[in-house]
Visitor: 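My structure is below; once you've seen it, I'll send some questions.
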Amino acid sequence: MSAPVITKVDETPAVTSLRRKDLLGISDMAADEITLVLDTAEAMKEIGSRPIKKVPALRGKTVVNLFFEPSTRTRTSFEIAEKRLSADTLNIAIASSSVVKGETLADTALNLEAMQPDMIVLRHSSSGACHLLSRICRSAIINAGDGMHEHPTQALLDAFTIRERKKRLEGLKVAIVGDLLHSRVLRSNIHLLTKMGADVWVCGPPTLIPTDIRRFGVRATSRVDEAVADADVIMLLRIQLERMEGAFFPSLREYFNVFGMTEARLRLAKPDVIIMHPGPMNRGVEIASEVADGPYSVILDQVANGVAVRMAVLYLLAGGAEHETAA
Amino acid sequence: MKRLLKGGRVIDPVNGIDGVHDVLIDGDRIAAVGRDLPADGASVVEIPGDLVVCPGFIDMHVHLREPGQEHKETVASGTASAVAGGFTAVACMPNTIPVNDNANVTAYILSKATEANLARVHPIGAVSRESKGELLADIAELKGAGCVAITDDGHPVKTALLMRRAMEYAGMFGMPVIEHCEDPSLKGDGVAHEGYMAATLGLRGMPGACEALGVERGILLSELTGSAFHVAHMSARASLRAVRKGKEAGLRVTCEVAPHHFTLTDEALGSPIPYDTNTKMNPPLREAADRDAMLSGIADGSVDVIATDHAPHHYDEKKVEFDRAPFGIVGLETAVPLSLDRLVHSGRIRLPRLVELLSVNPSRILNLAGGSLSIGAPADVTIIAPELRVRIDASRLRSRSKNTPFDGWDLRGGVAATLVGGRPVFVNPEARLAL
């Protein structure tokens, strides 16, 4: 995958597509590619406000949503995005797939490939599952979350939401608090925000901070007050109950007392701070309900923007305006 | 019949030989080593001056997979791979199906080795029945059937108490206990070295401390029992530190390092092929500081042996998600090129030291007859070509499995020929050698 070649002819961008086959993660995306997605998403968001929310951009394209993990938000968001672009969509969830009969991921993918879809949106519990598919499939692979690795469209919609509110990403202090170790959302967000020049702080108990996290170009702390101080953006990550069994922390109650985002902690941040959460939320664990439902929360904006950002990704991977001209 | 290997550099550290010599083989034994030996009716093989004649290399850590997993490897295919890689003997791990925890399995493996008639095969028996870590295997019976050591490789011996008993009991026969050093709770469901790469790729990690804990336990128990303890496939710098301290204290501890652990780091998990399951092994590829520690341990003598942990897996088993793939790579046919390229040509060690690592020391640790070109010793000879340019081609490996991360690598140094019991069992067509 090479970085896109952005050339300007008479100030008109000549390139309106992502010059890549797949979207596997943010880590190999260039800043101008990210900007292209975010700019395109703005136009896509407008489509969602029309009385007839449909454009023919992906007419005749087949998109398979292949989900090996339960997901409501992401799968629905992709499906709505695909439908608004007039793609033919197909959802395959693990319970109804042949994986339960012992078929390998590679064989499942090759069988789908034989039916000639144009894109496969993959959600899988194994990190690197999208890379495996990318190597064996002709279709474009869009990563909808792979294990603890990446969730690129989530990071893109987060960035879109931040940019919508703050008009920029560069120079903002973004504090990400929660289970950093197991979070693909964290990894994608770190890659994206550091590429775009934000000042990223991550915070959680030491048991849930990945090794060598500082090499990602972020500041890491277990003191939540330090992370939150003067923050422009606070992003909370889900704490899963089962982590208690792994002795990552003693109890949800103690987690909330030490790291939970309360109104009191919020006061340390900038007055116009925004609160984000990729969902699903555990109220009273990583976030107090008053914060989740309060005026600083943009959590539902994130969900709304998810559709626009995924439309942009689908559109750009399919060839963008170049494809439309050709068709 | 008699065969005279005429010329070539002969390196036989046990006998203090390093120079241009002739080696006379009579039948399956070494008859003489010296300058300008008379042909005296022997068939003469001219050894070009750039080749090196060594006592046969011994890989003391190999998975031959037979019985039970013949789709991965058989004794025949594994020993074909061994001789092509310059090994005249291999010691095979007991994690077959069924486990080599009794004389029948040992006898079966040995019968297959006799049938194949390539490399010598020295089975290693299980410490515990079915390697379950509960009851001791019949160790005297295993010894009687031909096992040269015991291990529950694949897993550490379950408890310190069982390890203590195994050491005490095996010590009675002078057999070393070989340990896959690992603290299972710290390993958890780790699939990669715990570090920056695992964090980046979102893979569950296992830290070097996980291995070092097992090493420390073994060394302490070796001190307690007075028995020999051998650390298998050492990869972590903390493990090396523990081994050095044990050796300084005069304890009977030895260790081996695999070529992938002195060549690669966990960076290989990310490129050139992200999530390449041929970079997944246990212990995992570790960070640069660990790899560099292994290199320094090899150079300063702290590391006793280079062993491959040859672990064949069918491509179906490896063509899956990274965390679902089995651990292990094949190593028999890449070990000598990697060792010559990465250790000798890089200037870290000289050839005599390499011969110690590949022949003398494994022979000594396992109490085998090889490891030297002494008169009367088995005529197991490895002839290497240090300047041969080698390109690793996975599809052409003799092993039944092709799971190597070194496919396409260009390396300097290879194997010219392998003789077992005086009989050429492999001759590299690339080497100018008329055997």
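A note on names: the letters A, B, ... follow the listed sequences, proteins ahead of strands, and every chain is numbered from 1.
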Visitor: What option among B:Leu201, B:Asp276, B:Ile273 has the most heavy-atom pairs under 4.5 Å with chain A?
Guide: B:Leu201
Visitor: If we count only N and O atoms by modelled type, under 3.5 Å, do the side chains of B:Thr74 and B:Glu70 hold a donor and an acceptor together?
Guide: no
Visitor: Where does A:Ile136 contact chain B at under 4.5 Å (heavy atoms): side chain, backbone, both or neither?
Guide: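 The side chain, not the backbone.
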Visitor: At a heavy-atom separation under 4.5 Å, does B:Thr277 approach chain A through its side chain, its backbone, both, or neither?
Guide: neither
Visitor: Test your reading of the model: is there a side-chain donor-acceptor pair from B:His314 to the backbone of B:Asp316, 3.5 Å cut-off?
Guide: yes
Visitor: Do A:Arg123 and A:Phe67 meet the cation-pi criteria used here (NZ or CZ under 6.0 Å from the six-membered ring centre, within 45° of the axis)?
Guide: no
Visitor: Kindly confirm or rule out a cation-pi arrangement of B:Lys402 over B:Tyr315, judged by NZ or CZ under 6.0 Å from the six-membered ring centre and within 45° of its axis?
Guide: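 Geometry flag: not set, cation outside 6.0 Å or 45°.
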Visitor: Among the options A:Glu150, A:His182, A:Arg184, A:Arg135, pick out the one with the most heavy-atom pairs lying under 4.5 Å from chain B.
Guide: A:Arg135
Visitor: Under 4.5 Å, counting heavy-atom pairs only, tell me which of A:Arg215, A:Arg187, A:His191 racks up the most with chain B.
Guide: A:Arg215
Visitor: Would you check if the distance from the ring center of B:His233 to the ring center of B:His180 is below 6.0 Å?
Guide: yes
Visitor: So what's closer than 4.5 Å to chain B heavy atoms on A:Ser27: side chain, backbone, both or neither?
Guide: neither
